[in-house]
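Please read the structure below before turning to the comments.
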Amino acid sequence: MGIHLPQIVLHAKQIIHRRSFNVPKGHFAIYVGEEEKKKKRFVVPISYLKHPSFQELLSKAAEELGFDHQMGGLTIPCAEEDFINLTSRFNSSKS
């Protein structure tokens with residue numbers, strides 16, 4: 001089962017336009033956390049969508065939550081520490 005990146009990007013753009021998030025161009029907001037009330041919002045570059053590890057994480061989130069979540073944004077139900085570890089590897093691979 002593959003993930004449809006254009007659908008995710010479109011959904012993120014719709015959310016950004018609906019709410020007055022301060023999200024820089026070329027980025028999108030995503031909520032991360034295992035407990036609903038403790039989720040944190042991260043703003044990440046759209047370039048993360050090309051990483052297979054990030055695509056896999058989004059695919060699992062879509063299977064579990066779907067794309068339309070009550071937080072009003074893309075949500076990844078994983079430990080915040082795991083998300084930070086994953087995305088920090090993307091940043092270090094650019095060097």
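These numbers come from the heavy atoms of this one structure, side chains and all, not from hydrogens, waters or symmetry mates.
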For a side-chain contact (heavy atoms from CB on, under 4.5 Å) with Leu57, tell me which candidate from Leu86, Val32, Asp82 qualifies. Leu86
Side chains of Lys39 and Thr75: closer than 4.5 Å at any heavy-atom pair? yes
Answer whether the closest heavy-atom distance between the side chains of Glu34 and Pro77 falls below 4.5 Å. no
With side-chain contact (heavy atoms from CB on, under 4.5 Å) as the criterion, how do Ser47 and Phe90 come out once you've worked through the C-alpha distance, each side chain's angles and the decisive distance to 0.1 Å? CA-CA 10 Å; Ser47 63; Phe90 299 157; over 6 Å; no
Under 30°, 30 to 60°, or over 60°: which ring-plane class applies to Phe83 and Phe42, parallel, tilted or perpendicular? tilted
Between Val23 and Arg41, which heavy-atom pair has the shortest distance, and what is it? CG2-NH2, 3.5 Å
From CA spacing to verdict: side-chain contact (heavy atoms from CB on, under 4.5 Å), Leu49, Phe28: CA-CA 10 Å; Leu49 294 172; Phe28 65 99; 4.0 Å; yes
Apply the test side-chain contact (heavy atoms from CB on, under 4.5 Å) to residues Leu58 and Ile30: give CA-CA distance (whole Å), side-chain angles for both, the deciding distance (0.1 Å), then the verdict. CA-CA 10 Å; Leu58 288 174; Ile30 193 161; 3.9 Å; yes
dist Asn85:CG -> Cys78:SG (nearest 0.5 Å) comes out at 10.0 Å
